[in-house]
Amino acid sequence: MTAPATISRRNLLFGRSAVAAQADRAVPYLAVVGDGCLARNKVDCQSCRDVCPEQVIGFRPRAGGPFLPEVDGDRCSGCGACIDICPVGAIALAERSGDAADA
Ligand code: SF4
Ligand code: SF4
């Protein structure tokens, strides 16, 4: 018997269907930004945003420093394009760990 599809609060807020959310979960990896990121170290950079084919890397404003990258893990396809473009190798693919990120 197949388990019923569920929908996270995030997907519910953004109007995404349970079917679409479940399809995304079939992708085993997502991009994660590490501490070496230039923007995290007060150097302006948004190269990863520009190269992402899914347009799932957003930048959060902050006072006193460059905007910080944030990957929408629900929509990341795990394609790895952002890894190649990052000038300091700060992005890696990580295995998805279930619905913990939606809590
Ligand atoms: S390309 Fe790399 S260094 Fe630049 S913002 Fe993205 S993660 Fe940070
Ligand atoms: S792995 Fe691909 S889809 Fe995911 S954030 Fe990087 S470029 Fe975008």
Side-chain angles (χ1 to χ4, degrees):
M1 187 164 136
T2 305
T6 58
I7 189 165
S8 68
R9 282 178 289 172
R10 179 182 301 171
N11 286 326
L12 188 61
L13 281 172
F14 288 99
R16 290 159 45 75
S17 72
V19 172
Q22 197 168 50
D24 286 350
R25 294 294 184 204
V27 178
Y29 299 102
L30 77 164
V32 175
V33 177
D35 290 339
C37 168
L38 292 174
R40 287 190 180 183
N41 293 282
K42 305 198 174 184
V43 178
D44 196 16
C45 177
Q46 297 191 359
S47 297
C48 50
R49 179 199 63 184
D50 298 336
V51 78
C52 178
E54 308 295 337
Q55 299 182 319
V56 300
I57 304 177
F59 277 76
R60 176 167 45 91
R62 66 168 168 167
F67 292 7
L68 294 173
E70 291 183 338
V71 176
D72 180 345
D74 280 353
R75 295 168 52 223
C76 173
S77 71
C79 71
C82 53
I83 294 173
D84 291 338
I85 200 71
C86 179
V88 292
I91 306 178
L93 292 181
E95 282 191 72
R96 294 185 181 277
S97 57
D99 287 331
D102 292 331

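Remember, it's 1-based here, ligands and their atoms both numbered in the order they're listed.
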Taking NZ, NE, NH1 and NH2 as the nitrogens, is one of them in R75 or E54 under 4.0 Å from a carboxylate oxygen of the other? no
Between V88 and C86, is a side-chain contact (heavy atoms from CB on, under 4.5 Å) present by the stated rule, with each step listed? CA-CA 6 Å; V88 292; C86 179; 3.8 Å; yes
Can you tell me the protein heavy atom closest to atom 2 (Fe) of ligand 2 and the distance? C79 SG, 2.3 Å
Output, in order, the C-alpha distance, side-chain angles, deciding distance and verdict of side-chain contact (heavy atoms from CB on, under 4.5 Å) for R40 and V33. CA-CA 10 Å; R40 287 190 180 183; V33 177; 4.1 Å; yes
Look at atom 8 (Fe) of ligand 1 and say which protein heavy atom is nearest, naming residue and atom and giving the distance to 0.1 Å. C37 SG, 2.4 Å
Top protein contact for atom 6 (Fe) of ligand 2, by heavy-atom distance: C82 SG, 2.3 Å
Counting heavy atoms only, which part of V56 comes closer than 4.0 Å to ligand 2: side chain, backbone, both or neither? side chain
Quick test: of every protein heavy atom, which one is nearest to atom 1 (S) of ligand 2, and how far off is it to 0.1 Å? G80 N, 3.2 Å
Proximal atoms of ligand 2 relative to G78 (non-hydrogen, under 4.0 Å): 1 (S), 4 (Fe)
Looking only at protein heavy atoms, what sits closest to atom 5 (S) of ligand 1 is C45 O, 3.2 Å
Minimum heavy-atom distance between V56 and C76, given as atom pair plus value: CG2-CA, 4.0 Å
Hey, is atom 2 (Fe) of ligand 2 within less than 2.8 Å of some N/O/S atom on C52? no
For I91, counting its heavy atoms only, list the atoms of ligand 1 lying under 4.0 Å from any of them. 7 (S)
In terms of hydrophobic clustering (I, L, V, M, F, W, Y; side-chain heavy atoms under 4.5 Å; direct or indirect links), are L93 and I91 co-clustered? yes
Between D72 and Q55 (side chain of the first, backbone of the second, donor and acceptor by atom type, cut-off under 3.5 Å), is there such a pair? no
Report the part of V51 in contact with ligand 2, treating N, CA, C, O as backbone and CB onward as side chain, heavy atoms under 4.0 Å; options are side chain, backbone, both, neither. neither
Atom pair CZ/CD of F67 and Q46 - distance to nearest 0.5 Å: 7.0 Å
Return yes when P53 approaches ligand 2 closer than 4.0 angstrom through a heavy atom, no otherwise. yes
Please write down residue, atom name and distance for the protein heavy atom closest to atom 3 (S) of ligand 1. L38 N, 3.1 Å
Drop me the distance from E95's CD to Y29's OH, to the nearest 0.5 angstrom. 5.0 Å
Under 4.0 Å from any heavy atom of S77, which atoms of ligand 2 are there? 3 (S), 4 (Fe)
Decide whether V32 and V71 are clustered together by the hydrophobic rule: side chain heavy atoms of Ile, Leu, Val, Met, Phe, Trp, Tyr closer than 4.5 Å, transitively. no
Considering C76, A92, C86, which one's heavy-atom position lies nearest to atom 4 (Fe) of ligand 2? C76
Which of the numbered atoms in ligand 2 are under 4.0 angstrom from any heavy atom belonging to I57? 5 (S)
Might you work through the side-chain contact (heavy atoms from CB on, under 4.5 Å) test for C82 and I57, ending with a clear yes or no? CA-CA 9 Å; C82 53; I57 304 177; 4.0 Å; yes
